[in-house]
J.: 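Starting off with a structure, shown below.
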Amino acid sequence: MEITAMSDPGISCSNCQACCCRLEVMLITETGVPERFIETDQWGGRTMARLDDGWCAALDRRTMSCSIYDKRPFICREFEMGGYECIEERAANEPAA
């Protein structure tokens, strides 16, 4: 069964507060991520650096968009706006009613 994203004009990166930028991102390919945004975990794996509050260090907090978009990691490139992972993260991060 193939899962496809629903075309919902209400879903865009500009209105979600970048909830995907709180996920751990392993660097599995070379995309040119600047070294200042890379950390090495306790097992020697390379990950995107995160700030003390859990947000990705490459996130521009003024615009809530990626400051290294053209050099973003492969996993970030695969995390499609409006895709099922995106929709799940949005739902998980919605404020309680």
Side-chain angles (χ1 to χ4, degrees):
M1 176 172 95
E2 183 177 323
I3 299 174
T4 58
M6 302 302 284
S7 180
D8 182 342
I11 294 178
S12 75
C13 293
S14 65
N15 69 12
C16 87
Q17 298 303 306
C19 59
C20 61
C21 295
R22 288 182 263 175
L23 300 172
E24 183 175 28
V25 174
M26 298 292 298
L27 300 177
I28 56 174
T29 62
E30 180 58 46
T31 60
V33 172
E35 285 296 321
R36 69 183 181 275
F37 295 119
I38 299 174
E39 293 180 342
T40 302
D41 67 20
Q42 63 190 16
W43 301 279
R46 291 166 46 93
T47 63
M48 285 298 293
R50 294 162 61 129
L51 302 176
D52 291 339
D53 62 3
W55 289 91
C56 177
L59 178 67
D60 179 331
R61 294 307 241 329
R62 288 179 296 110
T63 63
M64 296 307 280
S65 60
C66 182
S67 67
I68 60 166
Y69 189 80
D70 291 336
K71 295 181 178 185
R72 70 194 185 282
F74 178 75
I75 293 171
C76 297
R77 294 168 190 267
E78 291 293 302
F79 200 96
E80 183 180 11
M81 179 181 69
Y84 71 92
E85 296 103 337
C86 171
I87 292 169
E88 286 180 0
E89 279 305 308
R90 285 171 168 261
N93 287 285
E94 285 180 353

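Only a predicted model underlies this, so the values are computations on that prediction, with no experimental measurement involved.
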J.: For residues A58 and S67, report the shortest heavy-atom separation together with the two atoms involved.
T.: O-OG, 2.6 Å

J.: Run the side chain to side chain donor-acceptor pair (under 3.5 Å) test against D53 and tell me which residues pass, sequence neighbours left out.
T.: R61

J.: So, taking the atom named CZ in F79 and the one named OH in Y84, what distance separates them when rounded to the nearest 0.5 Å?
T.: 9.5 Å

J.: Give the cluster check for F74 versus I38: same hydrophobic cluster or not, with ILVMFWY residues linked at side-chain heavy-atom distances below 4.5 Å.
T.: yes

J.: Between the side chain of R50 and the main-chain N/O of C21, is any donor-acceptor distance below 3.5 Å?
T.: no

J.: Can you tell me how far apart CZ (F37) and SG (C56) are? Round to the nearest 0.5 Å.
T.: 7.5 Å

J.: Calculate, to the nearest 0.5 Å, the distance between atoms CZ and CG belonging to R22 and L51 respectively.
T.: 12.5 Å

J.: Run the side-chain donor-acceptor check on residues 25-32: report pairs under 3.5 Å with partners two or more places apart or on a different chain.
T.:
from, atom 1, to, atom 2, distance (Å)
E30, OE2, G32, N, 3.0
T31, OG1, K71, O, 3.0
T31, OG1, R72, O, 3.1

J.: Quick one: salt bridge (charged side-chain N to carboxylate O under 4.0 Å, His left out) partners of R62, sequence neighbours excluded?
T.: D60

J.: When you group the ILVMFWY residues by side-chain heavy-atom contacts below 4.5 Å and let the links chain together, are M64 and I68 in the same group?
T.: no

J.: Exactly one of E24, E35, E39 should register a salt bridge (Lys or Arg N to Asp or Glu O under 4.0 Å) with R46. Which one does?
T.: E35

